[in-house]
Amino acid sequence: IGSEELRDVDSLGIVVERAIYPARPEQLRKIASADNVVVEIRGRSGSVRRTFQKQNFDKFKKFVDNYVL
């Protein structure tokens, strides 16, 4: 589900968007144990491509450990 209906602007004018992407538990575990993860977010006016850094992996692994059955 895209983020158009889940968009907020904070007091500093920064846009925060949430999106929901279905994923099976095994897919989340595979991402958490990967050596490299590249995320690409596409929008109407372009795309952004980023690579997980250590802190991204740490947070994602913690999420998977705590919430994925």
Side-chain angles (χ1 to χ4, degrees):
I1 300 171
S3 62
E4 190 166 355
E5 299 298 321
L6 300 170
R7 186 175 300 149
D8 297 308
V9 180
D10 72 9
S11 61
L12 299 174
I14 296 172
V15 177
V16 177
E17 296 185 25
R18 297 177 309 263
I20 300 168
Y21 301 96
R24 295 184 307 277
E26 61 270 14
Q27 292 171 312
L28 297 175
R29 285 189 207 96
K30 188 173 181 178
I31 293 169
S33 65
D35 292 328
N36 186 41
V37 173
V38 177
V39 177
E40 183 175 10
I41 301 171
R42 296 179 188 173
R44 287 190 189 122
S45 60
S47 65
V48 176
R49 190 177 175 109
R50 297 288 185 265
T51 302
F52 266 31
Q53 300 300 312
K54 183 182 181 324
Q55 74 180 42
N56 303 117
F57 273 112
D58 292 345
K59 289 178 182 179
F60 195 81
K61 287 176 185 179
K62 185 176 180 178
F63 168 81
V64 170
D65 289 344
N66 290 328
Y67 299 106
V68 177
L69 301 176

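Hydrogens, waters and symmetry mates play no part in the numbers below; they use all other heavy atoms, side chains included.
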Item checked: Pairwise distance CZ(F57) to CD1(I31) - rounded to 0.5 angstrom -> 9.5 Å
Next item on the list: For residues P25 and V68, report the shortest heavy-atom separation together with the two atoms involved.
Entry: CB-CG1, 3.6 Å
Next item on the list: Enter the distance from R49:CZ to E40:CD here, rounded to the nearest 0.5 Å.
Entry: 5.5 Å
Notebook entry, point to check: Do V48 and L6 share a hydrophobic cluster, counting only Ile, Leu, Val, Met, Phe, Trp and Tyr and linking them when any side-chain heavy atoms are less than 4.5 Å apart?
Noted result: no
Item checked: Option among D65, D58, V64, N66 that satisfies the side chain to side chain contact (heavy atoms under 4.5 Å, CB included) test with K62 -> N66
Next item on the list: Quick one: pull up CZ in F60 and CD in Q55 and give me the separation to the nearest 0.5 Å.
Entry: 15.0 Å
Check: More than 12 non-hydrogen atoms from neighbouring residues, nucleotides or ligands closer than 6.0 Å to NZ on K59, yes or no?
Finding: no
Checklist line | In one Ile/Leu/Val/Met/Phe/Trp/Tyr side-chain cluster, 4.5 Å: F52, V38 | finding: no
Note to self: Measuring only between side-chain heavy atoms, which start at C-beta, is R18 closer than 4.5 Å to D8?
What the structure shows: yes
Next item on the list: Could you tell me which non-hydrogen atom of A32 sits nearest to which non-hydrogen atom of K61, and how far apart they are?
Entry: O-CE, 2.8 Å
